[in-house]
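In this text the structure is predicted, and so the values were computed from the model without any measurement.
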Amino acid sequence: MQLTYKKLFTDENEVEYCVVKTDSTQCLCLQGKSQLLPRIKKAFLSAKTFYPQATDSFFEPLSVNTTTTDGIVNALFTNVEASFVKTFLQMAPLEWQYATGKKLGRILKDLHSVPLTDTQKKKASERHSKFMEHLATYVADLPHFKNDKFAMDAISMRYDHFKIFRPVMRYGSLKHQKVMIRKDSSLILLPSYSFGPGDLCEDLASLECESAGIYPVLCAGVIDGYFSGKVPTKFWLHFALYCALYSLWKCGLKAKKDSKELIKMQQNCDRIREDFANYTKPVPNWYSSDKLQKIKERCIKLGL
């Protein structure tokens with residue numbers, strides 16, 4: 001039997017993604033050194049959790065190999081012929097970016113529909129209650145960003161009203177780089193090793209932090225697709241507070257991990273703050289803009 005593999009990419013945690021082929025099969029493989037086993041096992045578990053809920057939108061888990069003689073561990077998934085949505089978005093008109101976002105929003109809603117046990121609901125609440133600790137971590141142990149006062153004040157002033165919006169099984173670290181697109185324009189998400197119980201707002205805040213600076217129209221589509229165009233008013237405050245926290249804590253973690261990222265993370269922190277008008281408005285400007293409304297109108301006319 002002939003075995004070949006094609007490397008797709010290696011992510012920031014040194015997990016390699018590749019396509020493994022034999023004479024009769026083709027699999028997506030996540031592999032890495034033995035110390036990466038917890039991440040790879042969790043990616044496999046994410047597929048076991050989400051695939052039954054969204055069989056067309058998630059990779060089917062096959063096996064996970066935890067013991068090897070060469071120090072490499074891996075997990076296998078049924079491969080899907082698809083390319084990275086990033087390539088598509090770079091060429092797509094804004095109407096198609098918005099329509100793609102709506103598709104992603106509907107998929108995310110399906111993933112968030114995974115039933116939670118009482119224990120998982122408790123973990124989601126406990127996770128939320130630790131967010132002030134993350135803010136303390138930023139203050140005490142992470143690089144500080146200029147003008148961080150706006151995010152700090154927004155969180156501090158409203159923290160008594162900052163409750164969990166809705167507990168879900170979150171995808172974790174959602175960003176456009178984790179999404180692939182088939183020839184028929186349907187989407188499929190890569191396995192996630194940061195999934196787990198949490199607040200639905202976390203996935204959307206991650207998208208703001210990671211993707212809204214490049215593809216704001218996509219992110220607007222995700223929110224509309226998730227809520228079927230009827231976004232609850234109370235969602236926006238929770239979303240804005242999560243974004244404020246992520247602009248400090250998540251960006252700070254990246255800046256600490258790699259000093260070369262400090263300038264980039266300062267720019268991202270500034271951009272998120274500006275999206276919310278120094279956190280004086282809970283709805284980001286890319287969602288409330290007249291430009292987006294015109295894009296939506298054109299999408300309706302085009303049937304997107």
Side-chain angles (χ1 to χ4, degrees), residues 1-90 100 103-104 107-108 110-112 114 169-198 202-203 206-207 210-211 218 253-254 257-258:
M1 179 179 69
Q2 185 177 7
L3 179 68
T4 62
Y5 86 96
K6 176 184 177 182
K7 180 178 176 180
L8 298 176
F9 68 98
T10 300
D11 71 11
E12 59 187 6
N13 294 294
E14 299 185 352
V15 175
E16 181 180 284
Y17 291 67
C18 57
V19 175
V20 178
K21 295 182 180 180
T22 67
D23 296 335
S24 57
T25 61
Q26 188 175 156
C27 301
L28 173 70
C29 176
L30 271 63
Q31 64 180 16
K33 296 179 181 179
S34 56
Q35 57 263 38
L36 295 172
L37 178 59
R39 292 185 183 276
I40 291 174
K41 284 177 67 176
K42 197 166 184 183
F44 184 78
L45 183 57
S46 78
K48 289 189 69 174
T49 300
F50 291 134
Y51 178 76
Q53 194 73 26
T55 54
D56 291 331
S57 308
F58 218 88
F59 285 85
E60 180 182 9
L62 296 177
S63 64
V64 59
N65 183 10
T66 61
T67 57
T68 61
T69 56
D70 56 1
I72 301 296
V73 294
N74 59 58
L76 295 177
F77 309 81
T78 299
N79 189 49
V80 175
E81 292 293 341
S83 57
F84 291 102
V85 77
K86 177 181 178 180
T87 304
F88 170 77
L89 293 172
Q90 288 172 341
T100 301
K103 292 177 184 178
L104 181 55
I107 292 171
L108 186 62
D110 286 341
L111 303 188
H112 286 177
V114 169
M169 187 62 73
R170 58 190 174 78
Y171 173 81
S173 300
L174 181 64
K175 51 187 175 182
H176 63 277
Q177 294 95 327
K178 296 285 189 73
V179 185
M180 303 190 78
I181 186 168
R182 299 182 181 93
K183 289 182 180 179
D184 65 358
S185 78
S186 61
L187 306 179
I188 184 166
L189 273 69
L190 290 168
S192 169
Y193 43 68
S194 53
F195 90 106
E202 292 184 64
D203 276 334
S206 178
L207 202 64
E210 299 282 353
S211 303
L218 173 85
L253 287 173
K254 287 188 177 183
K257 186 177 180 180
D258 184 354

Minimum heavy-atom distance between Ser211 and His176, given as atom pair plus value
OG-ND1, 2.8 Å
Validation row: Leu30, Phe44 side chains within 4.5 angstrom (heavy atoms):
no
Assess whether atom NZ of Lys42 is packed by more than 12 heavy atoms of other residues, nucleotides or ligands within 6.0 Å.
yes
Lys257 to Glu12 - nearest heavy-atom pair and separation
NZ-O, 3.8 Å
Give the C-alpha distance, both sets of side-chain angles, the deciding distance and a yes or no for side chain to side chain contact (heavy atoms under 4.5 Å, CB included) between Thr55 and Glu60.
CA-CA 7 Å; Thr55 54; Glu60 180 182 9; over 6 Å; no
May I ask you to test the Asn65-Ile40 pair for a side-chain heavy-atom distance under 4.5 Å?
no
Among Ile107, Leu89, Leu218, Leu187, exactly one meets side-chain contact (heavy atoms from CB on, under 4.5 Å) together with Val179. Which residue is that?
Leu187
In Å and rounded to the nearest 0.5 Å, what is the OG1 to CG distance from Thr49 to Leu111?
10.5 Å
Polar side-chain atom of Lys103 near backbone of Ser185 as donor-acceptor pair, under 3.5 Å
yes
Could you tell me which non-hydrogen atom of Lys7 sits nearest to which non-hydrogen atom of Cys18, and how far apart they are?
CA-CB, 3.8 Å
How many angstroms lie between OG in Ser83 and CD in Glu81, if you round to the nearest 0.5 Å?
10.0 Å
Testing the basics here: between Pro38 and Gln35, what is the closest heavy-atom pair and its distance to 0.1 Å?
CD-O, 3.5 Å
What about the rings of Phe58 and Tyr51, do their centers lie closer together than 6.0 Å?
no
Working to the nearest 0.5 angstrom, can you tell me the gap between Gln177 CD and Phe9 CZ?
9.5 Å
Asp11 side, atom CG; Tyr17 side, atom OH - distance, nearest 0.5 Å:
5.0 Å
Nearest 0.5 angstrom please: Ser192 OG to Leu174 CG, how far?
8.5 Å
State, with a plain yes or no, whether a side-chain heavy atom of Thr78 is found less than 4.5 Å away from one of Leu62.
yes
Do Met180 and Ile188 pass the side chain to side chain contact (heavy atoms under 4.5 Å, CB included) test, and can you show the C-alpha distance, the side-chain angles, and the key distance before you say yes or no?
CA-CA 5 Å; Met180 303 190 78; Ile188 184 166; 3.8 Å; yes
Yes or no on side chain to side chain contact (heavy atoms under 4.5 Å, CB included) for Ser186 and Asp56, after CA distance, side-chain angles and deciding distance?
CA-CA 9 Å; Ser186 61; Asp56 291 331; over 6 Å; no
Quick check: does any side chain N or O of Asp203 sit under 3.5 Å from a backbone N or O of Tyr171, one acting as donor and the other as acceptor?
yes
Less than 4.0 Å between a side-chain N and a carboxylate O, is that true for Glu210 and Lys254?
yes
Decide side chain to side chain contact (heavy atoms under 4.5 Å, CB included) for Leu8 and Val19; before the verdict, give the C-alpha distance in whole Å, the side-chain angles of both, and the deciding distance to 0.1 Å.
CA-CA 7 Å; Leu8 298 176; Val19 175; 4.0 Å; yes
What heavy-atom pair brings Pro52 and Ala47 nearest, and what distance separates the two atoms?
CD-O, 3.9 Å
Say you draw a straight line from OG1 of Thr87 to CD1 of Ile181; how long is it, rounded to the nearest 0.5 Å?
10.0 Å
Within a 6.0 Å radius of atom CD on Gln26, are there more than 12 heavy atoms belonging to other residues, nucleotides or ligands?
yes
Indicate the atoms forming the closest heavy-atom contact of Pro197 with Arg170, along with that distance.
O-NE, 3.5 Å
Using modelled atom types and a 3.5 Å cut-off, is there a donor and acceptor pairing between side-chain atoms of Lys175 and backbone atoms of Ser206?
no
Does some side-chain heavy atom of Tyr193 sit less than 4.5 Å from a side-chain heavy atom of Leu36?
no
